[in-house]
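In what follows, chains are A, B, ... by sequence order, proteins preceding strands, each numbered from 1.
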Amino acid sequence: MDNMLENLNPEQLAAVTLPSQSALILAGAGSGKTRVLTTRIAWLLKTGQVSTSGIMAVTFTNKAAKEMMSRLSTLFPANTRGLWIGTFHGLCNRLLRLHYREAALPQAFNILDTQDQLSTIKRLLKTNNIDDEKFPPRNLMYFINGAKERGFRASVIEAQDDYERKMVELYGLYEEQCQREGVVDFGELLLRSCELLEKNPVLREHYQERFRHILVDEFQDTNNLQYKWLKLMAGNNTAIFAVGDDDQSIYAFRGANVGNMLSFQHDFNVQNLIRLEQNYRSHGNILEAANTLIAHNTHRLGKNLHTDAGEGEPIRVCEAPSDLNEVQWILDEVNHLIGDGMSRSEIAVLYRSNAQSRVIEHGLFSAGIPYRVYGGLRFFERAEIKHAIAYLQLIDNPDNNAAFLRVVNFPARGIGARTVEQLQEMSRIHDVSLYGAIPYVSGKAGTALASFVRIIQTIRAEVKEMNLPSLIQTTLEKSGLLLHYQSEKEGADRIENLEQLVSAATLFLSEEGFSLEAPALLTEKMTDGLNAGNPLLAVDSVIGADIPLPMIMSPLAAFLTHASLEAGENQADEGQDALQLMTVHSAKGLEFDAVFITGLEEGLFPHENSAREEDGLEEERRLMYVAITRAKKRLYLSYAQTRMLHGQMRYNLSSRFFSELPDRNLKWLTPRKQSMYSGIPQRKREPVAQFDKSFAVEKQTPASFGRNSEWRIGETVFHKKFGEGVIVSLEGQGTAVRANINFGRQGMKLLDLSIAKLEHVS
DNA sequence: AAATATCAGCTTTTT
DNA sequence: GCTGATATTT
C-alpha cells in the first residue's frame with residue numbers, strides 16, 4: 001500500500017486518505033485528477049474500510065469509466081466485479097434492468113439515442129396532425145429534455161401561455177407513446193431511476209445502506225437531475241467524493257450546472273475542500289497564459305496552477321492572410337516538429353467548430369500527412385448499423401415502433417407511405433403496436449406486410465439456440481440488408497461495417513463476461529428465476545453478491561444497450577501515427593506535446609452565438625482555457641484575416657482572447673511569416689499534389705486586393721472613433737478609395753479613405 | 001414507390 | 001459548401 005501512496009504530493013495524499021466524509025476536490029488541469037480518484041478507491045479497499053460492493057464511481061463518458069477501471073486493476077489487482085463503476089446513464093440502466101417491474105418498464109425496454117428520439121417526436125407530431133413549422137421537432141425535444149432535467153413530468157408543469165400548454169400536451173403524448181412502445185430516452189433513464197428510488201423506500205434504503213462511498217468524476221458537468229440522483233443514492237452513512245474543476249465547465253449549454261459544486265458543499269456539509277494546483281503537464285509559459293486568461297472570469301471558486309517545469313518555449317502566434325494560409329503555416333510548423341522527432345500523434349490541431357476541419361483536412365491530405373479526425377459519424381450512428389440494430393431490436397421487442405418504421409420497408413419491399421398510414425390507423429383503433437396491427441391490414445398491402453412478418457419470424461425461429469454473433473449474422477442475411485448493399489454501387493464500405501458489427505458483438509461478449517455459447521435471446525427460464533413477481537427478489541440477490549450482467553440481461557439486450565449507450569469510437573486510421581484533429585470540446589481530458597489552437601477570431605472563438613447567452617462569453621473563455629492547458633511543450637495560436645465559412649467569405653477581427661494573454665509569453669511570428677505566405681492561392685483551383693509547388697509557381701493575387709492601394713482586404717486597421725476593424729472590401733482607385741470595414745460590435749462602416757484617418761494594425 | 005430536384009440551415013456533445 | 005429533409009417527377 002505504501003508504494004501506492006509514495007509519489008503523491010501532499011495535497012493529493014490528503015485527498016486520497018481523507019476520512020469517510022463528503023469532500024470536494026478542486027482539481028486543476030493536469031493535476032493528477034484521475035490518479036487521485038483511482039488511488040482513493042484502491043486505498044479504501046486496501047485499508048479494509050469498505051468492500052467492493054460498497055463503492056460506486058460515476059463518470060460521464062464510457063472512456064473515462066474504462067480508464068478508471070483499468071488503472072484501478074493495476075493498483076488493486078483483486079476481483080473488481082462487485083464495483084459499480086460506470087456512467088450516470090449506464091448505472092441507471094443497470095438499476096432499471098434490475099428493478100424493471102418497480103419502474104413499470106418492460107424487461108426488454110430499448111434505449112433511444114438522440115436520433116431515435118428526434119424521429120420518435122417527428123412521428124408523434126405527424127400522427128397528431130401538428131404543424132411542425134409551428135412546433136419544430138427539435139424545439140419540442142429540447143423542451144422535453146429540459147423538463148426531464150428539472151425532474152418535471154408533463155402532468156406537473158403549469159404552462160404560462162397557449163404555446164407552452166401545447167408543448168406540455170405534446171410532452172405528455174410523447175411520454176405515453178414511449179411507454180406504449182417500451183422505449184426510454186437518455187433523460188428518462190435518469191428521471192425514471194430517480195422516481196424509482198423516491199417511490200420505493202425499500203430499494204432506496206437498500207442502496208443508501210450499501211454504498212458507503214460514491215466517487216464522482218468531472219463533477220462540474222453534472223446537471224440538476226444527475227445531482228438529484230446522487231442525493232437519492234447517498235444515505236446518511238455515505239461519503240461523496242466529488243472531483244471537478246469549475247474552470248473547465250464547458251457544457252452549460254447542455255444543462256451542466258457548476259452551481260452544483262456550491263450546492264454540494266452546502267447539502268453535504270462538506271468540511272473538506274482540497275485544491276490540487278500543482279500541474280504536471282505544461283511548461284511555464286503555457287501555464288501562465290492559461291492562468292492569466294481564466295483570471296478574466298468572475299464567479300470562480302478560485303485556483304491558480306503552478307508548475308516545477310521550466311518556462312519552456314514561448315507561445316507562437318501567427319496571423320495569416322486567409323484560412324488557406326493558416327493551414328499552410330500549420331503544415332510548415334508541423335513538419336518542423338516532426339523533423340525534430342516529435343511523433344504525429346503527439347500533435348493536436350484544435351478548432352472551435354467542426355466546419356473548420358475541412359480546410360485543415362484538405363491541406364493535410366494534399367501534403368500527405370496522416371491525420372485522424374475525431375467526432376463526426378460514429379460507428380453505431382451509421383445508417384447501415386442503425387438498420388441492423390433496428391432488426392435486432394424488433395427481434396428483442398416487436399413493439400418498438402421506431403425500429404419497426406426504420407426497417408419495415410428497408411430494403412424496399414413495397415411497403416410505402418400509404419400502407420404505413422393504414423397500419424397506424426389500425427394500431428390506434430386496436431390499441432396495439434404497429435407490428436401487432438399487421439393482421440388487421442388486408443389486401444395487397446397486407447400481403448407485403450405479411451412477407452415482412454415472415455422475415456422477422458423466420459429470424460426469431462432460426463436464432464433461438466444461437467449465440468449472439470451467429471444471431472446477428474443470420475439477421476443480416478435474412479433481413480436482406482447484406483444483399484441490398486451488395487447490389488449498391490458504394491455499398492462495399494457498408495458491408496464492411498456490417499461485418500464489423502458481428503466482430504464487435506464477439507468482442508463485447510468476452511468483455512462483459514458473457515459465455516460465447518449462451519443463447520442470445522432471453523429465455524423464459526431466466527425471466528422467471530430472476531424476478532418472479534417479487535420486487536425484492538432482485539434486491540435480495542444484490543445484497544449477497546452482486547448480480548453479474550449476464551444474469552440480468554440476455555446477451556442481445558445487453559448488446560443493444562451497449563449500442564445505444566456507447567456510440568463507439570470513430571475508427572478512422574486506427575493505429576497509424578497520425579496528427580490529431582478535433583474540436584476543443586472533444587480535446588477535454590487529453591494532452592499533447594504540441595497543440596495548435598486555430599481560428600482565433602471574433603465570432604468564431606469566442607463564437608458569435610455565445611454573446612447572446614448569459615455567461616456565454618465566460619464559457620467560451622473556459623473553453624479557451626481548456627484548449628491552452630492541453631499543451632505540454634509547445635502551443636501555437638493562429639487566426640485568419642479572411643475565411644471561407646458556409647460558402648461565404650468572412651472578415652473577422654482577431655479574438656479578444658489575444659488581449660487577455662500576457663505579451664511576455666507570446667512570440668508573434670507574423671511579420672516574418674506574413675511575407676512568406678502573402679501569395680494567396682486562388683480558390684476553385686483543382687487540388688494540387690504539393691502545396692509548396694503551388695506557392696512557388698502560381699500565386700496570383702485577385703485584382704480586388706488592390707495591389708496599388710495602401711490598403712488590403714482582410715487587414716486590421718485602427719479608427720479613432722470605432723476602434724479596430726477589418727477591411728471587408730475596397731472600391732474606387734487612386735484618391736477616391738472607399739472601404740467597407742467590419743468594426744465588430746460597432747457594426748459595418750463604409751468609409752472614404754481620403755477623409756477617414758486609418759492606421760495600419762497588422 | 002422509387003428516383004431526382006430543390007431548399008433551408010448551419011456551435012459545442014455524451015449518454 | 002455540404003448535408004439532410006421536403007417537393008416533384010417518372
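- For Gln117(A), the side chain to side chain donor-acceptor pair (under 3.5 Å) partners two or more places apart in sequence, or in a different chain, are Asn145(A), Tyr174(A), Asp185(A).
- The cationic group of Arg643(A) does not satisfy the cation-pi geometry with Tyr651(A), failing either the under 6.0 Å distance to the six-membered ring centre or the 45° limit from the ring axis.
- For the ring pair (Phe, Tyr, Trp, His ring centres under 6.0 Å) condition, the pairs that include at least one residue of residues 402-423 of chain A, sequence neighbours left out, are His387(A)-Phe410(A), Phe404(A)-Phe452(A), Phe410(A)-His484(A).
- Phe60(A) comes within 4.0 angstrom of sugar-phosphate atoms only, judged by non-hydrogen atoms across all strands, and of no base.
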Every protein N/O within reach of nucleotides 2-8 of chain B N/O, cut-off under 3.5 Å:
residue: dA2(B); atom: OP2; partner: Asn409(A); partner atom: ND2; Å: 3.2

Problem set entry | Contact pattern, 5' to 3', of nucleotides 3-10 of chain C - B, S or - by protein heavy atom under 4.0 Å | --S-----

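- Residues satisfying the ring pair (Phe, Tyr, Trp, His ring centres under 6.0 Å) test with Tyr227(A), not counting sequence neighbours, are none.
- For dT12(B), the base is anti relative to its sugar; the glycosidic angle deviates from 0 by more than 90°.
- Classified by interplanar angle (parallel below 30°, tilted 30° to 60°, perpendicular above 60°), the ring pair Trp84(A)/Tyr207(A) is tilted.
- A heavy atom lying under 4.0 Å from DNA chain B marks the following residues of residues 244-256 of chain A, by number: Tyr251(A), Phe253(A), Arg254(A).
- Applying the ring pair (Phe, Tyr, Trp, His ring centres under 6.0 Å) criterion to Phe253(A), with sequence neighbours excluded, gives Tyr251(A), His585(A).
- Counting any heavy atom pair closer than 4.0 Å across all strands shown, Asp221(A) reaches no nucleic acid atom.
- Under the rule for a side chain to side chain contact (heavy atoms under 4.5 Å, CB included), the partners of Ala252(A) that lie at least two apart in sequence or sit in another chain are Glu619(A).
- With sequence neighbours left out, the ring pair (Phe, Tyr, Trp, His ring centres under 6.0 Å) criterion links Phe605(A) to Phe657(A).
- Here Asp113(A) pairs with Lys386(A) in a salt bridge; the nearest charged N to carboxylate O distance falls below 4.0 Å.
- As judged by a 4.0 angstrom heavy-atom cut-off over every strand, Asn62(A) is placed among residues touching the sugar-phosphate backbone only.
- Base contact: Thr114(A) has a heavy atom under 4.0 Å from a base atom.
- Near-neighbour residues of DNA chain B inside residues 603-630 of chain A, defined by a heavy atom below 4.0 Å, number-ordered: His607(A), Asn609(A), Glu613(A), Glu620(A).
- Phe596(A) meets the ring pair (Phe, Tyr, Trp, His ring centres under 6.0 Å) test with Trp329(A), Tyr636(A); sequence neighbours excluded.
- Atom name C1', nucleotides dT12(B) and dA5(C): the rounded distance is 23 Å, in whole Å.
- Counting any heavy atom pair closer than 4.0 Å across all strands shown, Arg358(A) reaches sugar-phosphate atoms only and no base atom.
- Taking the six-membered ring wherever Trp is involved, the centroid distance between the rings of Phe658(A) and Tyr639(A) falls below 6.0 Å.
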Using a 3.5 Å cut-off and no angle test, enumerate the donor-acceptor pairs between side-chain atoms of residues 123-133 of chain A and protein atoms at least two apart in sequence or in another chain.
residue: Arg123(A); atom: NH1; partner: Glu181(A); partner atom: OE2; Å: 3.0
residue: Arg123(A); atom: NH2; partner: Glu181(A); partner atom: OE1; Å: 3.2
residue: Thr127(A); atom: OG1; partner: Arg123(A); partner atom: O; Å: 3.2
residue: Thr127(A); atom: OG1; partner: Leu124(A); partner atom: O; Å: 3.0
residue: Asn128(A); atom: ND2; partner: Leu124(A); partner atom: O; Å: 2.9
residue: Asp131(A); atom: OD1; partner: Glu133(A); partner atom: N; Å: 2.9

